[in-house]
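All ligand and atom numbering here is 1-based and tracks the order in the structure.
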Amino acid sequence: MSCLIHLHTIAMGCDFEVFAFGEDRGLLRSAAEVAIEEIERIEHLLSHYLPESEISYLNAHAAREPVRVHPEVFELIERAVHLSEETEGAFDITVMPLVRCWGFYEGIGQIPDSRTLAETLERVGFSRLRLSTGNLTIAFAREGVEVHLGAIGKGYAVDRAIEVLRDAGVEAAMVHGGHSSVRAYGAPPDTGGWQINLPHPLYPDRSLAHLLLRNRAISTSSAAEQYFERAGRRYGHILDPRTGMPVENELLCVSVLADEATVTDALSTAFFVLGEEGTREYILAHPGVQAVLLRQGDEQVEWIG
Ligand code: ADP
Ligand code: MG
């Protein structure tokens with residue numbers, strides 16, 4: 001008889017859940033435990049908050065000399081830079097100085113003056129990273145550059161956990177990180193896939209869409225949860241790394257579907273920055289990627305791709 005194992009852990013500031021279906025309860029449990037350990041391992045590798053993480057070491061030293069990083073960290077940063085290039089800089093792992101300058105890091109919310117903003121932009125941009133593939137080193141072009149994997153790390157942890165479950169022989173599984181990135185393969189018994197609900201960003205009791213996820217990943221970005229208001233204007237936590245400004249466009253939220261959660265996590269942030277037109281252009285050039293958009297003021301979502 002088939003059974004379901006469900007485990008969870010708190011990592012990267014959110015709740016990760018692992019669901020595994022199969023016949024062999026013992027195998028499911030041990031595989032799910034290893035998947036949870038894998039998520040925790042990734043957090044220790046990538047975290048900005050843990051002083052002993054690879055990323056903290058990189059940020060502390062790479063402005064002075066090239067820093068050799070773990071091959072896995074190098075590969076992820078390489079992929080992140082590639083995604084920056086593909087999205088014309090809309091997704092950028094060097095955005096952190098801007099996040100701080102707008103007070104999002106401390107959760108206070110503040111509007112920088114134009115000089116502070118201009119100075120901060122000098123420390124932002126993926127072109128300020130020097131990657132050396134041969135010796136796995138990364139250097140920063142100047143002091144004050146920072147790498148922050150907040151918009152891709154959860155997706156990567158989800159992918160790694162899925163790989164662990166698949167390698168262990170689990171028939172069907174679903175993993176999510178704080179619901180913002182989800183990936184699934186196979187299907188629970190008598191179903192065509194894993195049922196995913198996309199909640200309305202403003203009214204979480206309301207559903208925007210239900211979909212069946214199978215051998216696919218989905219991530220969602222919106223500015224509805226983290227923002228501050230000044231003089232009637234809303235400033236959201238997703239920033240345009242090219243202008244330094246919080247994103248203000250026609251979108252309320254965007255979900256992205258692709259094969260890997262690393263990609264969907266980064267792209268959901270990028271599409272939120274790019275807006276509807278930029279999202280359409282990207283998807284036209286990248287078959288296999290789909291997006292579900294909700295425009296401000298709209299009731300219904302729009303599927304692209
Ligand atoms: P979630 O954390 O809900 O999954 P995202 O994946 O969209 O949301 O990540 C948003 C976080 O990424 C922000 O809180 C900020 O720290 C950082 N960020 C903001 N703008 C960008 C950007 N343009 N590119 C990369 N990271 C960003
Ligand atoms: Mg993201």
Side-chain angles (χ1 to χ4, degrees), residues 10-16 43 46-49 55 59 76-77 79-109 120-121 124-129 145-159 175-183 198-199 201 204 217-228 235-249 251-258 260-275 278-279 282 289 291 293:
I10 307 283
M12 305 182 183
C14 69
D15 198 18
F16 276 80
E43 177 182 36
L46 306 184
S47 173
H48 215 81
Y49 301 98
I55 294 300
N59 286 335
L76 182 61
I77 292 179
R79 288 183 80 184
V81 168
H82 180 66
L83 284 155
S84 290
E85 286 163 352
E86 277 193 345
T87 60
E88 284 152 11
F91 168 79
D92 196 317
I93 57 171
T94 66
V95 80
M96 200 55 181
L98 287 171
V99 173
R100 291 184 199 280
C101 143
W102 284 91
F104 285 111
Y105 191 74
E106 299 82 6
I108 46 173
T120 307
L121 276 168
V124 172
F126 65 96
S127 63
R128 299 182 207 282
L129 304 177
V145 174
E146 262 183 82
V147 163
H148 174 69
L149 300 166
I152 190 170
K154 272 187 257 173
Y156 180 67
V158 166
D159 279 342
V175 178
H176 77 78
H179 295 278
S180 74
S181 284
V182 191
R183 182 168 164 188
L198 293 184
I218 183 167
S219 298
T220 302
S221 286
S222 100
E225 296 117 54
Q226 286 183 58
Y227 64 86
F228 68 90
Y235 300 90
H237 72 132
I238 297 181
L239 304 164
D240 188 328
R242 302 155 306 180
T243 62
M245 297 297 289
V247 170
E248 259 184 310
N249 61 26
L251 299 181
L252 195 54
C253 71
V254 52
S255 300
V256 181
L257 287 134
E260 291 173 289
T262 306
V263 172
T264 56
D265 193 1
L267 287 183
S268 68
T269 308
F271 289 178
F272 194 78
V273 174
L274 291 172
T279 298
Y282 183 95
V289 177
L293 308 179

Measure the spacing between CG of Leu149 and CD1 of Ile55 and express it to the nearest 0.5 Å.
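Leu149 CG to Ile55 CD1: 4.5 Å, rounded to 0.5 Å.
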Identify the protein heavy atom lying closest to [atom], giving its residue, its atom name and the separation to 0.1 Å.
atom                    : value
atom 10 (C) of ligand 1 : His237 CE1, 3.8 Å
atom 16 (O) of ligand 1 : His148 NE2, 3.6 Å
atom 2 (O) of ligand 1  : Lys154 NZ, 3.0 Å
atom 4 (O) of ligand 1  : Ser180 OG, 2.9 Å
atom 5 (P) of ligand 1  : Thr269 OG1, 3.4 Å
atom 26 (N) of ligand 1 : Ala151 CB, 3.4 Å
atom 6 (O) of ligand 1  : Asp265 OD1, 3.0 Å

With side chain to side chain contact (heavy atoms under 4.5 Å, CB included) as the criterion, how do Val256 and Tyr282 come out once you've worked through the C-alpha distance, each side chain's angles and the decisive distance to 0.1 Å?
CA-CA 12 Å; Val256 181; Tyr282 183 95; over 6 Å; no
Please note down the angle at the Mg ion (ligand 2) between O of Asp265 and O of Ala151, to the nearest 10°.
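Result: 80°, to 10°.
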Hey, does the side chain of [X] reach the backbone of [Y] with a donor-acceptor pair shorter than 3.5 angstrom?
X      : Y      : result
Thr94  : Gly125 : yes
His148 : Ser47  : no
Trp102 : Gly236 : no
Asn59  : Glu146 : no
Ser219 : Asp265 : yes

Just to check, does Pro241 reach to within less than 4.0 Å of ligand 1 when the distance is taken from its heavy atoms?
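Pro241: in contact with ligand 1 (<4.0 Å).
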Side chain, backbone, both or neither: which part of [X] has a heavy atom under 4.0 Å from ligand 1?
X     : value
Asp92 : backbone
Ala90 : backbone
Met96 : neither

Report, in ascending order of atom number, the atoms of ligand 1 lying under 4.0 Å from any heavy atom of [X].
X      : answer
Ile238 : 7 (O), 19 (C), 20 (N)
Phe91  : 24 (N), 25 (C)
Ser221 : 5 (P), 7 (O)

Sequence neighbours left out, what pairs pass salt bridge (Lys or Arg N to Asp or Glu O under 4.0 Å) with at least one residue falling in residues 147-158?
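Every pair satisfying salt bridge (Lys or Arg N to Asp or Glu O under 4.0 Å) with a residue in residues 147-158: there are none.
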How far apart are the closest heavy atoms of Leu251 and Gly275, and which atoms are they?
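For Leu251 and Gly275, the tightest heavy-atom pair comes out as CD1-CA, 3.7 Å.
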If you compare all heavy atoms of Leu46 against all heavy atoms of Gly153, which two are closest, and at what distance to 0.1 Å?
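Taking every non-hydrogen atom into account, CD1-CA, 4.1 Å.
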Phe126 and Phe91 aromatic centres sub-6.0 Å:
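Ring centroids of Phe126 and Phe91 are no less than 6.0 Å from each other.
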Of all the atoms in Thr269, is at least one N, O or S atom closer to the Mg ion (ligand 2) than 2.8 Å?
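A backbone or side-chain N, O or S atom of Thr269 is under 2.8 Å from the Mg ion (ligand 2).
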As a check for students: among Val95, Leu267, Leu239, Leu274, identify the option with a heavy atom nearest to atom 20 (N) of ligand 1.
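When every heavy atom of Val95, Leu267, Leu239, Leu274 is considered, Leu239 comes closest to atom 20 (N) of ligand 1.
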For ligand 1, is there an N or O atom under 3.5 Å from any N or O atom of Thr220?
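Thr220 vs ligand 1: no N/O contact under 3.5 Å.
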